[in-house]
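The block underneath contains the structure these notes are about, expressed in structure tokens.
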Amino acid sequence: MAPPRSAPAPSLPRRRLLRRGGGLALAAVAGAAVPGCGAAKDDGVGADGRVTIELWHGQSDTARAALSRLVDDFHRSHPHIRVDMGGGVLADAMLQKVTAALASGAYPDIAYIFGSDLANVARSPQVVDLTETVGSARTPWKNYWAPARDAVTLNGRVRAAPALLDALAVVCNKKLFARAGIPLPKAGWRWDDFIAVARKLTDKRAGRFGTGWPGTGDEDSVWRLWPMIWDLGGDIIGKDGRSIGFGDQGERALQVVASLARDKSVYIDPKPSSEQMYQVFLSDRMAMAVTGPWQLPDIRQAGMDYHVAPLPSFSGRPMTISGPDTWTVFDNGSERVRAARTFVDWLARPSQDVRWDVEAGSLPLSRQAQALPRWQRETRETEGLATFTKALESARVRPAHPAYPEVSRALGQAITSVLLGRSSPRAALRTCADEANAALLIPR
């Protein structure tokens, strides 16, 4: 809950991606790219019999280099398929790029699509159903972590291949905790504890904050609240499918935000992507950051002595959120579809997955990948990585629902209004419910 897969690059925090995804809709996709219309399709088969497929990978810097190395290895083991990485844009702009491509009829074979956008993208008839692909893949489908499976499954069908997995936890600056004489948090701590610790670690005269929160109202602001709502027994969309499922729970969760704002213990980042918030954290001016494993390379590079604790809860039970992203396959003819299926299956196998995870900064898609020696070594050498991986056991994902972007936008506005002291949790949630419920009533 996702900078375009370049976590090791300090200037591009990865989760700019997922957080912006929730604020966009893809209403035009359902009717886009009707077969037989638009640009003529190249079957991708060359004179030598080799099939070329186009990959819009969405990656930058370190992650792009890691993926390029994997593609080179794929070419060596699959000489009859060539993967062209030349097209596309960074993940932040992928939704708009794919939308336009589907409308024109000239779209890639594979694109990196945020999990929060898949439900809308998959309304296009050009999106390939991958249910049979994952059912016959080398990695058993049930061996994947539940969030990875849930993020790509719509109405019982697998509409994309998992590409990336993460989870939220709390990274603590050990130096600031020690200076204040406060013990580091452990599993089982509560949100009331988080509020109290943030208050104690705030030093207004020194310009130091207990924690931070994105203040733009985008998905980066929103996805941090969902674990609270789930822990309280709520859900994003109600059982009737026509209204939100977090009326009371949302108000209680917003009270946590209100308490942090009232105590002035939270740094409110006014800019998209949370880059400024992380700069404050890395400069020892913020004690706790609710973040994911993509941030660990920057933290280590900054030389911070840190500790990773699971997210707090209201109940004492583990609860977090994962923001998986996907490799979505599009139909450009049977030969290219077959080649694209082969590539995404190969990429998800544990030996390739663990390389992608270690080199580009994410968590293993499957328990098989988690058990590999390279990931076990990475876990031993990277403080806190085991905490993020264990969090996957209790992680949930946002629903694959076409109206999710509107629900997210309404809650994002509520969070911002509470952070800035413009509204009470109750009033903010009431406005959120009115807007989100109206969106859920629109036929999709």
Side-chain touch Val98/Tyr107, heavy atoms, less than 4.5 angstrom: no

Value rounded to 0.5 Å, distance of CZ in Arg64 from OG1 in Thr62: 9.5 Å

Steps toward side-chain contact (heavy atoms from CB on, under 4.5 Å) verdict (Trp356, Leu70): CA-CA 8 Å; Trp356 176 240; Leu70 285 164; 4.0 Å; yes

Any donor-acceptor N or O pair under 3.5 Å, side chains Gln276, Tyr267: yes

Check: Thr52/Arg336 side-chain N/O donor and acceptor closer than 3.5 Å: no

Minimum heavy-atom distance between Gly323 and Arg398, given as atom pair plus value: CA-NH2, 3.8 Å

Donor + acceptor pair across side chains of Trp375, Thr379 (<3.5 Å): yes

Chi angles and distances behind the side-chain contact (heavy atoms from CB on, under 4.5 Å) call for Phe281, Val171: CA-CA 10 Å; Phe281 181 60; Val171 181; 3.9 Å; yes

Separation of Arg159 CZ from Thr328 OG1 (nearest 0.5 Å): 9.0 Å

Asp72 CG: over 12 foreign heavy atoms closer than 6.0 Å: yes

Salt-bridge contact Arg396-Asp235 (side-chain N to carboxylate O under 4.0 Å): yes

Minimum-distance pair of heavy atoms, taken over all atoms of Glu406 and Ala439: CB-CB, 3.4 Å

Donor-acceptor under 3.5 Å (Asp166 side chain, Ser322 main chain): no

Ile229 vs Ile236 side-chain heavy atoms within contact, under 4.5 Å: no

Minimum-distance pair of heavy atoms, taken over all atoms of Pro185 and His307: O-NE2, 2.9 Å

Side-chain donor/acceptor of Thr326 to backbone N/O of Ile113, under 3.5 Å: yes

Exam field: side chain Asn143 to backbone Gln368, donor-acceptor pair closer than 3.5 Å: yes

Flag, side chain of Ser362 to backbone of Leu164, donor-acceptor distance under 3.5 Å: no

Residues Val397, Ile321; criterion side-chain contact (heavy atoms from CB on, under 4.5 Å); working and verdict: CA-CA 6 Å; Val397 298; Ile321 185 170; 5.9 Å; no

Beyond-backbone contact of Ser366 with Trp145, side-chain heavy atoms, under 4.5 angstrom: no

Straight-line distance of Ile244 CD1 to Leu440 CG, nearest 0.5 Å: 8.5 Å

Donor-acceptor contact present, side-chain Ser417 to main-chain Arg422, <3.5 Å: no

Sidechain-backbone polar pair: Ser124 side chain, Val121 backbone, donor-acceptor under 3.5 Å: no

Exercise: do Thr291 and Tyr278 side chains pair donor with acceptor under 3.5 Å: yes

Pair Arg69 + Asp73: basic N to acidic O under 4.0 Å: no

Side chain to side chain, Pro312 and Asp193, heavy atoms closer than 4.5 Å: no

Of Val127, Leu118, Asp129, the residue whose pairing with Leu154 passes side chain to side chain contact (heavy atoms under 4.5 Å, CB included): Leu118

Exam field: side chain Asp84 to backbone Ile53, donor-acceptor pair closer than 3.5 Å: no

Side chain to side chain, Met319 and Leu311, heavy atoms closer than 4.5 Å: no

Closest contact, heavy atoms only, Ile268 versus Leu419: CD1-O, 3.4 Å

Atom CZ of Arg426: over 12 foreign heavy atoms under 6.0 Å: no

Flag side-chain contact, heavy atom, 4.5 Å: Pro108 against Leu55: no

Any donor-acceptor pair under 3.5 Å from Trp141 side chain to Thr131 backbone: no

CG-OG1 distance between Leu365 and Thr139, expressed to the nearest 0.5 angstrom: 8.5 Å

Proximity of Trp56 and Tyr112 rings by center, below 6.0 Å: no

No-hydrogen, no-angle side-chain donor-acceptor test under 3.5 Å, Glu383 and Tyr306: no

Distance, nearest 0.5 Å, that separates NZ of Lys142 from CZ of Arg149: 8.5 Å

Heavy-atom side-chain contact between Gln249 and Met228 under 4.5 Å: no

Verdict with supporting geometry, Ile415 and Leu225, side-chain contact (heavy atoms from CB on, under 4.5 Å): CA-CA 9 Å; Ile415 293 171; Leu225 208 72; 4.0 Å; yes

Minimal non-hydrogen separation, Trp327 against Ala160, with atom names: O-CB, 3.5 Å

Under 3.5 Å side-chain donor-acceptor pair for Ser243 and Asn437: no

Lys/Arg-Asp/Glu bridge criterion (N-O < 4.0 Å) met for Arg341, Glu132: no

Lys/Arg-Asp/Glu bridge criterion (N-O < 4.0 Å) met for Arg317, Asp231: yes

Short side-chain to backbone donor-acceptor contact, Gln413 and Gly217, under 3.5 Å: no

Under 3.5 Å: donor-acceptor pair, side chain of Ser77, backbone of Phe74: yes

Min side-chain heavy-atom separation Phe343-Asp109 under 4.5 Å: no

Pair Arg374 + Glu359: basic N to acidic O under 4.0 Å: yes

Trp226 and Phe246 aromatic centres sub-6.0 Å: yes

Nearest non-hydrogen partners of Asp357 and Pro364, listed with the distance: OD2-CA, 3.1 Å

Between OG on residue Ser259 and CG on residue Asp192, distance to nearest 0.5 Å: 8.0 Å

